[in-house]
Peer 1: 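Have a look at the structure that comes next, please.
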Amino acid sequence: MSTQSMIPFHKVVIIGAGISGLTAAVYLQRSGFQTLVLEKTGGPGGVSTSWKQKGFTFEGGVHWLIGAKKEIPLHQVWKETGALQENNPVYFKDPIYTLVDGDGTMPLFRDLHGLETKGLRDRIALWSLRFHLACFKHFHQPISDMRGLKIRHPKPFSIGEYAKMLPAALITPFLMIRSARGYAKRFKNKRIRALLAAVVEPDINALSLIYTLGTFQVGDSGYPKGGSLRMAQNMAETFLSLGGEIRYQTMVEEVLPDENGWAVRAKGEVLKADAVVISADARTAIDKLFREPLQDGWAQKMRKGLRTTQCMFLGVGVNADLSAWPRSMQIVLPRPLKAAGRTYETVVVNNYVNEEGYAPEGCSVITCLLHGPTYAYWRAAKDDGSYQAKKKAVMDGFLEIMGDMIPEIKDAVAVTDVATPLTYERYCSTFEGSYMTDWPPLSRLYHAPVRYRKGLYFTGQRTAYSGGLPPAAQSGRTTAQAVCKDFDAEFVGH
Ligand SMILES: Cc1cc2nc3c(=O)[nH]c(=O)nc-3n(C[C@H](O)[C@H](O)[C@H](O)COP(=O)(O)OP(=O)(O)OC[C@H]3O[C@@H](n4cnc5c(N)ncnc54)[C@H](O)[C@@H]3O)c2cc1C
C-alpha cells in the first residue's frame, strides 16, 4: 500500500464516519490527501452499528453484507478499505430464513429446495422465481472508475462482465414496477409468501428482493464475524494506520465558503480545508448544514419527493439458551402485534445465540426490525411526553407474543432496548430517522450530486442507488475519485 503521492499537500474534511465517509476517507488518505473525519457520535459506523448492554450485544446494523464473494468487484472495495479482514470472516446462513408458525417450521434454503408448491399457480410462481434468480446469477454492482481520472490501479472495464449481466437488465423493468410484497403474492401458499416477505423491507421494489436473494444464492451475502462494529472499527483503524485523523463527538454545525476553499464550523472552531465531503444524510444537510438552505433544483426535488425508509429496532437479552431456534426466523404471529399505530402479522426475529461473545454463557440475544413509517407517531409522542411509555408498550406487546411463540423467553428477559426513527435521527441526523434510501415501485430516486462545486462534495446513501452498505461504499469511492480529479491527484486504490 502506498500513501505517497506527487500531488501538493491538500487537506480534506469529511463530515461523518459512517461507511460512506470512512470509505472516502481511506481512499483519499491513501491518495495523498491529509484527511480529517469529524463525527458527531462517539464511534465509527454511523447507522451501521452494534452496541453492548449488560453484557449483551445488540446488532443494530448489518444483517447481511453483500460483496462477500472474492470474485465480485465490491469485495475488492471491502478489502481495500479494510472492512473485511481476517478478524471478520463472513458466515453464510442456510437456510436464509425459517418460517415459524402454528404448523411448525419451513426453511427457505439458498437453492430454494423443499418449498411446498402443490397447485399449478405455485408451481408457475416457483418456476418464475427460479428463472428470475438464474437471470441474476451473474449480476453484481459494477465498480467503475471516473473518466479522465489519473488512477494507479484501474478497475478494468470488461464487456464480458457486463454481457453476463444482460439477462438481469432485461427483467429489471418487470421487477421495478412491483413491490417485494406484491412479488411474494404471486404464490398462493401463504407460508412461501411470508418467507419471501422476510427477505427485504416488503414495500420496496421487487428488484431488491430478487437481487438480494440472488446474492444469498451465489454466496455473496453473509454476516461478518463481529458484525457492524468490528467492520466499522476495521475501516477506522485502516484509515488511522494510513495517517488520517478522526475526531469523535464532533458535530459539524456549518459548512461555509472560504477564500481558498471551504471550511466547517464545529465546536466553535472554524476548520479550513481545500475540500469538504458531506457524508451526513444529504436530505438533512441541505436544510441544516448551510447558512441558507440549498435551493438548487435537485435539492428542491429532494425536499418534495423523497420518501424515507424507517424502522423500529427491538433488542432483547435473554437468560436462556435459544440454540434450539433458527438463526433468522420469520414468525407468523398468533395474534397481530400493534406497535406505533401499525399492525404486524409477521415479524422477522434474528437469534444471535451462535455469535461468539454476543451474550453471557448460556444466554442469548434476539433482535427484530419493525418496518414502516412511524416517524410522525414518535415525534408526536415526544412532543406530548408519552415517548418512553410508548416505547415500553411496543416492547411489552412484542415480549408478550414472543413468550407464546418461544417459551424459553418467558420470565427470562435480562435486558431490552428499543430504537425508533427518532433514535436514528438523534444519533446520526438522518432525515426522519431513515436508514437507507427508499425505492418504492414505479418511483425515482432523489439524488444529491457527488460534486456540488469544486471543493464541496456529497457522498453516502443519497448520492447512490438504494440498498444499504454497498451503495454507501461505492459512493464513498466515487466521491474520493471526484476529489482526486478536481485536484489533479492520482487515485490510489490499494
Ligand atoms: C437496523 C438497520 C439494519 C440494516 N441492515 C442492513 C443490512 O443488512 N445490509 C445493508 O447493506 N445495509 C443495512 N442497513 C443500512 C446501512 O447500514 C446504511 O444504509 C449505511 O450504513 C448508510 O451509510 P452512510 O455512510 O450513507 O450513512 P450514515 O451511516 O448515516 O453515516 C453518516 C454519518 O455522519 C454522521 N453525521 C451526521 N451529521 C453530522 C454532523 N453534522 N457532524 C458530524 N457528523 C455527522 C452520522 O453520525 C453518521 O456517522 C441497515 C441499517 C439499519 C439501521
Side-chain angles (χ1 to χ4, degrees), residues 13-25 37-50 58-68 74 78 83 141 199-201 208 211-212 215 221-224 227-228 231-232 235-236 246-255 264-267 276-285 288-290 309-315 328 348 350 367-371 419-421 423-431 433-438 448 458-476 479:
V13 168
I14 296 182
I15 304 172
I19 301 303
S20 62
L22 287 173
T23 303
V37 178
L38 304 176
E39 166 57 49
K40 69 176 277 201
T41 71
V47 298
S48 187
T49 191
S50 41
F58 291 131
E59 174 54 88
V62 60
H63 290 71
W64 67 81
L65 178 73
I66 295 176
L74 179 63
W78 294 132
Q141 285 155 22
V199 179
V200 291
E201 200 272 294
S208 310
Y211 170 56
T212 306
T215 62
S221 237
Y223 184 69
S228 299
M231 186 178 145
M235 294 176 86
I246 309 181
R247 290 187 205 165
Y248 294 113
Q249 311 282 17
T250 305
M251 168 130 180
V252 172
E253 290 132 28
E254 192 183 349
V255 175
V264 298
R265 195 163 46 76
K267 287 188 161 173
V276 170
V277 173
I278 301 172
S279 88
D281 186 340
R283 175 63 190 89
T284 304
K288 299 270 168 74
L289 269 185
F290 298 88
T309 315
Q310 302 165 25
C311 73
M312 290 175 273
F313 167 90
L314 312 184
S328 296
V348 173
N350 287 296
T367 66
C368 171
L369 294 185
L370 299 175
H371 296 285
T420 74
T423 317
Y424 293 105
E425 180 188 55
R426 178 177 48 80
Y427 181 63
C428 285
S429 304
T430 60
F431 185 71
S434 142
Y435 68 91
M436 68 179 194
T437 299
D438 195 18
F458 286 96
T459 195
Q461 56 164 330
R462 307 278 182 228
T463 64
Y465 49 88
S466 166
L469 298 163
Q474 197 194 32
S475 74
T479 303

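Whatever order the structure lists them in is the order used to number ligands and atoms, beginning at 1.
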Peer 1: Of all the atoms in ligand 1, which lie at a distance below 4.0 Å from a heavy atom belonging to Leu38?
Peer 2: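 Those qualifying, in numeric order: 43 (C), 44 (N).
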Peer 1: Rounded to the nearest 0.5 Å, how far apart are CD1 of Ile15 and CD of Glu39?
Peer 2: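 One gets 11.0 Å once the value is rounded to the nearest 0.5 Å.
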Peer 1: Within the side chain of Thr420, is there an N or O that forms a donor-acceptor pair under 3.5 Å with the backbone of Met312?
Peer 2: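 Flag not set: sc Thr420 to bb Met312 has no pair under 3.5 Å.
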Peer 1: Are Gln310 and Tyr424 linked by a side-chain donor-acceptor pair shorter than 3.5 Å?
Peer 2: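 Per modelled atom types, Gln310 and Tyr424 side chains form no pair under 3.5 Å.
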Peer 1: Taking all atoms of both residues into account, what is the closest heavy-atom pair of Leu38 and Ala266, and its distance?
Peer 2: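 Of all heavy-atom pairs spanning Leu38 and Ala266, the closest is CD1-CB, 4.4 Å.
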Peer 1: Looking only at protein heavy atoms, which one is nearest to atom 45 (C) of ligand 1, and how far off is it?
Peer 2: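 Scanning the protein heavy atoms, the shortest distance from atom 45 (C) of ligand 1 goes to Lys40 CG, 3.8 Å.
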Peer 1: Less than 3.5 Å apart, any donor N or O on the side chain of Arg462 or Ser20 sitting next to an acceptor on the other?
Peer 2: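 There is no such pair (donor and acceptor under 3.5 Å, judged by atom type) between the side chains of Arg462 and Ser20.
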Peer 1: Do Thr41 and ligand 1 have an N or O pair less than 3.5 Å apart?
Peer 2: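 Among all N and O atoms of Thr41, none is under 3.5 Å from an N or O of ligand 1.
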Peer 1: To the nearest 0.5 Å, what is the distance between OG1 on Thr23 and CG on Leu469?
Peer 2: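 Nearest 0.5 Å value for the OG1-CG distance: 9.5 Å.
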Peer 1: Please state whether Thr23 comes within less than 4.0 angstrom of ligand 1, counting heavy atoms only.
Peer 2: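 Thr23 does not count as a contact of ligand 1 under the 4.0 Å cut-off.
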Peer 1: Quick check: Asp281 and ligand 1, any N/O pair under 3.5 Å apart?
Peer 2: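 For ligand 1, there is no N or O atom that lies under 3.5 Å from one belonging to Asp281.
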Peer 1: Are the side chain of Ser48 and the backbone of Gly45 linked by a donor-acceptor contact shorter than 3.5 Å?
Peer 2: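 Flag not set: sc Ser48 to bb Gly45 has no pair under 3.5 Å.
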Peer 1: Give me the residue, atom name and distance of the protein heavy atom closest to atom 1 (C) of ligand 1.
Peer 2: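 Checked against all protein heavy atoms, atom 1 (C) of ligand 1 sits closest to Gly60 O, 3.2 Å.
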Peer 1: Measuring from Ile19:CD1 to Ser279:OG, what's the distance to the nearest 0.5 Å?
Peer 2: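 Here the interatomic distance stands at 10.0 Å.
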Peer 1: Please verify whether a non-hydrogen atom of Ala266 lies at under 4.0 Å from ligand 1.
Peer 2: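 Distance cut 4.0 Å: Ala266 fails for ligand 1.
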Peer 1: Tell me which part of Leu369 gets within contact of ligand 1: side chain, backbone, both or neither, using heavy atoms under 4.0 Å.
Peer 2: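 The side chain, only.
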Peer 1: To the closest 0.5 Å, what do you measure between CD1 (Ile66) and CG (Leu74)?
Peer 2: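 Ile66 CD1 to Leu74 CG: 8.0 Å, rounded to 0.5 Å.
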Peer 1: So is there a nitrogen or oxygen of Tyr424 less than 3.5 Å from a nitrogen or oxygen in ligand 1?
Peer 2: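 By distance alone, the answer is no.
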Peer 1: Tell me: protein heavy atom nearest atom 51 (C) of ligand 1, and distance?
Peer 2: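 In this structure, atom 51 (C) of ligand 1 has Tyr435 CD1, 3.2 Å as its nearest protein heavy atom.
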Peer 1: Could you find the nearest protein heavy atom to atom 23 (O) of ligand 1 and give me its residue, atom name and distance?
Peer 2: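 Ranked first by proximity to atom 23 (O) of ligand 1 is Ala472 CB, 3.7 Å.
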Peer 1: Does the pair Ser228 and Glu59 meet the rule for a side chain to side chain donor-acceptor pair (under 3.5 Å), with working shown?
Peer 2: CA-CA 7 Å; Ser228 299; Glu59 174 54 88; 2.6 Å; yes
Peer 1: How long is the straight-line distance from OH of Tyr465 back to OH of Tyr211, given to the nearest 0.5 Å?
Peer 2: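 With rounding to 0.5 Å, OH (Tyr211) is 6.5 Å from OH (Tyr465).
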Peer 1: For the pair Thr309 (side chain) and Ser434 (backbone), establish whether a donor and an acceptor sit closer than 3.5 Å, ignoring hydrogens and angles.
Peer 2: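 Checking the backbone N and O of Ser434 against the side chain of Thr309, no donor-acceptor pair under 3.5 Å is found.
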Peer 1: How far is atom 26 (O) of ligand 1 from its nearest protein heavy atom, and which residue and atom name does that atom have?
Peer 2: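 The closest heavy atom on the protein side is Gln461 N, 3.0 Å.
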Peer 1: Which atoms of ligand 1 are found less than 4.0 Å from any heavy atom of Gly460?
Peer 2: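 So the atoms of ligand 1 that pass are 26 (O).
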Peer 1: What's the shortest distance from atom 3 (C) of ligand 1 to any protein heavy atom, and which residue and atom give it?
Peer 2: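 Scanning the protein heavy atoms, the shortest distance from atom 3 (C) of ligand 1 goes to Gly61 O, 3.0 Å.
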Peer 1: Within this structure, what is the CE-OG distance for the pair Met436 and Ser208, rounded to the nearest 0.5 Å?
Peer 2: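 Going from the CE atom of Met436 to the OG atom of Ser208 covers 6.5 Å.
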Peer 1: Quick one: does His63 get an N or O within less than 3.5 Å of an N or O on ligand 1?
Peer 2: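 Yes: some nitrogen or oxygen of His63 is under 3.5 Å from one in ligand 1.
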Peer 1: Counting both backbone and side chain atoms, is some N or O of Val252 under 3.5 Å from an N or O of ligand 1?
Peer 2: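 Looking only at distances, the answer is yes, because the N/O contact criterion of under 3.5 Å is met.
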Peer 1: In terms of atom number and element, which parts of ligand 1 are under 4.0 angstrom from non-hydrogen atoms of Met436?
Peer 2: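 Every atom of ligand 1 under 4.0 Å from some heavy atom of Met436: 19 (O).
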Peer 1: Counting both backbone and side chain atoms, is some N or O of Leu469 under 3.5 Å from an N or O of ligand 1?
Peer 2: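 N/O-N/O distance under 3.5 Å: yes.
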Peer 1: Which residue and non-hydrogen atom of the protein lie closest to atom 34 (O) of ligand 1, and at what distance in Å?
Peer 2: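 The closest heavy atom on the protein side is Gly16 CA, 3.2 Å.
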Peer 1: Below 4.0 Å from any atom of ligand 1, is there a heavy atom belonging to Trp64?
Peer 2: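 Contact present.
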Peer 1: Indicate, as side chain, backbone, both or neither, the part of Cys428 found under 4.0 angstrom from ligand 1 when only non-hydrogen atoms are considered.
Peer 2: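 Looking at Cys428 and ligand 1, atoms from backbone and side chain both fall under 4.0 Å.
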Peer 1: Report yes or no: does Pro470 have a heavy atom closer than 4.0 Å to ligand 1?
Peer 2: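 Heavy atoms of Pro470 do come under 4.0 Å of ligand 1.
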Peer 1: Counting heavy atoms only, which of Gly467, Ala280, Ser279 is nearest atom 27 (O) of ligand 1?
Peer 2: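 The option holding the nearest heavy atom is Ser279.
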Peer 1: For atom 47 (O) of ligand 1, which candidate among Arg426, Glu39, Gln249 holds the nearest heavy atom?
Peer 2: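 Selected option, by shortest heavy-atom distance: Glu39.
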Peer 1: Going by the atom numbers of ligand 1, which of them fall below 4.0 Å from some non-hydrogen atom of Gly46?
Peer 2: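 That gives atoms 29 (O), 48 (C), 49 (O) of ligand 1.
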Peer 1: From atom 20 (C) of ligand 1, work out which of Leu289, Thr430, Val47 has a heavy atom at the shortest distance.
Peer 2: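 It is Val47 that holds the nearest heavy atom.
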Peer 1: May I ask you to check whether Lys288 and Ser429 show a side-chain donor-acceptor distance below 3.5 Å?
Peer 2: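 Absent: no donor and acceptor within the cut-off.
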Peer 1: Where is the tightest heavy-atom contact between Val37 and Gly16, given as atom of each residue plus distance?
Peer 2: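 So the minimum-distance heavy-atom pair works out to CG1-O, 3.5 Å.
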Peer 1: Have a look at ligand 1 and work out which part of Ser429, if any, has a heavy atom under 4.0 Å from it: side chain, backbone, both or neither.
Peer 2: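 The answer is the side chain of Ser429.
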Peer 1: Which residue holds the protein heavy atom closest to atom 17 (O) of ligand 1, what is that atom called, and what is the gap in Å?
Peer 2: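 Going atom by atom, the protein heavy atom closest to atom 17 (O) of ligand 1 ends up being Ser48 CB, 3.6 Å.
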Peer 1: Verify, without hydrogens or angle tests, whether Gln461 (side chain) and Ala472 (backbone) share a donor-acceptor contact under 3.5 angstrom.
Peer 2: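 Not confirmed, Gln461 side chain does not pair with Ala472 backbone.
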